[in-house]
Protein chains: 2
Amino acid sequence: MSTWEETLSQAGCRITESRRAVMTVLAQAERPLVPQELLALGLKLQATLSLVTVYRSLELFEELSLVRRVHQDTKCQGYLLTAAGHRHVLICEKCGRAVEFPGQDDLAALIARVEERTGYQVKTHWLQLRGVCAECQ
Amino acid sequence: MSTWEETLSQAGCRITESRRAVMTVLAQAERPLVPQELLALGLKLQATLSLVTVYRSLELFEELSLVRRVHQDTKCQGYLLTAAGHRHVLICEKCGRAVEFPGQDDLAALIARVEERTGYQVKTHWLQLRGVCAECQ
DNA sequence: TCCCTTATTGAAAGTAATTTACAATAATTA
DNA sequence: TAATTATTGTAAATTACTTTCAATAAGGGA
């Protein structure tokens, strides 16, 4: 039983073929995928998969922090598997390939300074880099 | 003639009542607004304003860097006036109020390290913080 | 100041994205 | 294995956004 299946079980959710298909596609993807893409790829694994189920699966996975939403300048909506302990995303603007990297400590000082300046209490942060990957350069 | 009007003129665009209404609403807002909200508030200033024009104005303003798009967890698409020289946004998760802050230098070291590790060449970055503002604490 | 050019606008229709309703199906637990 | 009920797919509904096109109004020049 893989990690995500345990997470689902513990949350009282069922492990279905549809969810398995969506998860498998996400696990094999190396760039953020939109619901339509997930459907197209997922259909190869689960012939009866529907777009509605893709949306519902993503909603559930996101709640359980198994998946993260990646935003882009114009269109938002790309989903990526959450790599444990890694928080930030770097996307290639040519091929779309995404890698995650840690970077919490680097931001600690910045966040402390911002809190002091603004009076806000910072709860979460969200950093996304965009560039060109080694192969596309 | 205000700054944004000059920017528009120099780009060969006309200063219209509709654009003025959208800009005025944005200037008075202290949190990111979605197109629908901009329409509702803008109608008080320009009775014939339409949603289509709100979309088109935002598109133009964004091209000219007068306005920036802010992304939120679920709903994407919120627009905020660009504060000159400031790059990052901090949003209160209770009242939605947003403040901007500089923070380029802080990230330079992080970005350099990520480039080295991943082989990517980082072009742009995008940082958004979420927390609770002084009044909502 | 008035006219002329043409960028800009709103209405309406079109397309795409996302959500909801509901009966049928399949995952789990006893 | 049977019973319970979460989950699914279909279809329809809603929302978000874009395009078309004729009417309007901004602003440069007479």
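As the structure is a computational prediction, the values presented were derived from the model and not from experiment. The sequence lines fix the lettering, A, B, ..., with proteins before strands; numbering per chain opens at 1. What's counted below: heavy atoms across the whole structure, side chains too, no hydrogens, waters or symmetry copies.
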Query raised in the report: DNA chain C: Gly12(B) or Val52(A), which has the more 5' nearest nucleotide?
Result: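 Final value for this comparison: Gly12(B).
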Report task. Decide side-chain contact (heavy atoms from CB on, under 4.5 Å) for Arg97(B) and Tyr120(A); before the verdict, give the C-alpha distance in whole Å, the side-chain angles of both, and the deciding distance to 0.1 Å. Result -> CA-CA 10 Å; Arg97(B) 206 176 317 229; Tyr120(A) 275 59; 3.7 Å; yes
Expressed as a whole number of angstroms, how long is the span from [X]:[atom1] to [N]:[atom2]?
X	N	atom1	atom2	result
Arg14(A)	dT8(D)	CZ	P	10 Å
Gln46(A)	dG9(D)	CD	C1'	11 Å
Glu17(A)	dG9(D)	CD	P	11 Å

With a 4.0 Å cutoff (strictly under), does any side-chain N or O of [X] reach OP1 or OP2 of [N]?
X	N	value
Thr16(A)	dA27(C)	no
Ser18(A)	dG9(D)	yes
Arg19(B)	dT8(C)	yes

Requested in this report: Check every atom of dG9(D), dA11(C), dT28(C) against the side chain of Leu49(A) and return the nucleotide holding the closest atom.
Outcome: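 Of the options given, the side chain of Leu49(A) lies nearest dG9(D).
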Query - Options dT18(C), dC17(D), dG9(D), nucleotide nearest the side-chain atoms of Pro35(B) - result: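 Taking heavy atoms from C-beta onward, the closest nucleotide is dC17(D).
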Query raised in the report: Do side-chain atoms of Glu115(B) reach the backbone of Val122(B) as a donor and acceptor pair under 3.5 angstrom?
Result: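 Checking the backbone N and O of Val122(B) against the side chain of Glu115(B), a donor-acceptor pair under 3.5 Å is found.
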Query raised in the report: Checking all strands, does Leu51(B) fall into the base, sugar-phosphate, or nothing category for heavy-atom contacts under 4.0 angstrom?
Result: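 Answer is nothing: Leu51(B) stays at 4.0 Å or more from every strand.
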